Amino acid sequence: MSPAPGTRRWPLHPPPGPGEALTSWLGRLAALYGMPAIHLLRRSLGETSALLDDPQAADLDFDPPAEILQALAGHTGIDLGELRMTTIAGWVPWLADTLDPIDGQEAFDNYVRQDSVLLAPGEADSSWVPHWVPWIRVHDKEWRTEFRACPACATDPDRGTSLLAALPIMTTCGEHGCRLQTEVAVRLAALDRDPVPPPPMPGPVVTMDRLTFDGLTTGMVTLPGRPVHVGVWFRLLRTLLDEVSMAGSRVSARSAATLARVWEATGRPPRGGLTVWRPYERLDFPLQRAMLEAAATALRLAAAGEITARGTLARCLAPEPHRDVYEGDRRAWEQKQAQAELEAMIDRARDDPGTARRLLEMLTVGSRTIAGFYGERQYLVRLGIPYGLLPDHRALGRTDLRL
Ligand SMILES: [Zn+2]
């Protein structure tokens with residue numbers, strides 16, 4: 001977008017890092033000018049602006065007022081679409097279909113129970129979840145993202161903290177594999193001249209968090225069965241977290257045995273010790289960590305063929321069974337080819353309208369809502385494909401999309 005009249009471009013304006021949170025980027029930016037982030041923000045909005053009194057501005061990483069992002073885009077020249085991705089709201093519809101908890105039950109049924117991973121389709125019975133947003137603890141429409149950061153990343157002033165580290169979706173740094181820590185712990189570690197290295201994290205958790213990190217930074221996650229869009233990955237992961245939290249008595253004997261096998265491999269009690277079922281978002285953090293470990297372990301066991309996933313998304317988890325090594329090599333080669341073709345197509349789409357259009361058609365074939373369609377379109381913009389080359393939904397004949 002073009003800056004508002006009178007907007008002065010700041011001389012230094014490094015862009016947000018991949019997957020970085022807005023407050024983290026603002027903090028790094030303000031440090032370049034030797035001022036606290038709040039002062040820089042006041043300056044960007046004009047000293048008389050009341051925007052910072054807006055309750056929506058209390059948590060800038062969640063869903064800040066659009067005017068704040070517009071002002072920052074104007075002063076830094078950074079694309080508004082890119083800035084939006086530093087906030088949770090910018091990740092709708094991939095991270096959540098909606099951030100309105102009023103839609104809880106429908107959102108829960110669609111997001112968590114529509115597909116299945118370990119369990120056979122339709123095996124999970126219904127649960128009453130009237131007030132709900134995926135990954136976020138909602139209490140009377142008040143929420144606040146929490147700060148968690150990687151101690152290794154924190155020692156580098158040019159590196160920010162990851163937006164998704166604020167949600168119970170990853171517990172380790174996607175690059176260093178260290179356990180993410182609270183702000184106080186990170187600051188204390190920075191003061192310590194002889195820091196104790198953080199405890200090692202279970203291998204499957206580190207592997208799983210790398211996948212989430214790839215999704216956050218590239219939009220795609222490469223699973224052993226096939227590559228999936230990050231929106232599919234978030235749903236797969238959330239469904240899996242739901243399944244490992246279920247009581248064996250509420251599923252078939254075969255699924256109960258699979259769940260028992262997963263928990264046994266984590267070395268923890270069944271369901272991580274959970275007694276009364278609650279949705280993942282309402283568990284306390286140690287239990288969430290146990291569930292994440294079980295989900296990561298299930299992914300590892302499924303990929304190794306030690307358990308058989310039977311859900312609608314099961315095919316993503318493991319390579320298809322093959323008889324000989326040659327067959328395995330051929331599949332790996334085919335997958336590589338498909339990935340290379342997709343990359344070449346994205347490259348061409350940056351200046352070829354026909355390719356850009358086809359890519360958008362491909363990506364939105366499963367979209368059912370207008371928001372979903374434009375979410376995918378925004379994804380292509382982030383990959384460097386100019387807005388002008390991407391038709392709107394009407395031009396693609398998608399009159400079937402719902403509001
Ligand atoms: Zn790190």
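What you see is a predicted model, and the numbers here were worked out from it, not measured in a lab. Numbers here are sequence positions counted from 1. Whatever order the structure lists ligands and atoms in, that order sets their numbers, starting from 1.
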Query raised in the report: Does Thr171 reach the side chain of Met201, with side-chain heavy atoms less than 4.5 Å apart?
Result: yes
Query raised in the report: So how far is it from Leu119 CG to Arg310 CZ, rounded to the nearest 0.5 Å?
Result: 7.5 Å
Query raised in the report: Around the Zn ion (ligand 1), what protein N, O or S atoms are found below 2.8 Å?
Result: Cys150 SG, Cys153 SG, Cys173 SG, His176 ND1
**Report entry** Residues which pass side chain to side chain donor-acceptor pair (under 3.5 Å) with Arg159, listed by chain and number, not counting sequence neighbours
**Finding:** Glu175
Report summary line: Those residues at least two apart in sequence (or on a different chain) that pass side chain to side chain donor-acceptor pair (under 3.5 Å) with Asp156 are none
Query raised in the report: Does any pair with a residue in residues 375-388 pass salt bridge (Lys or Arg N to Asp or Glu O under 4.0 Å), and if so which ones, sequence neighbours excluded?
Result: none
**Report entry** Distance under 6.0 Å and angle within 45° of ring axis: Arg43 vs Tyr33
**Finding:** no
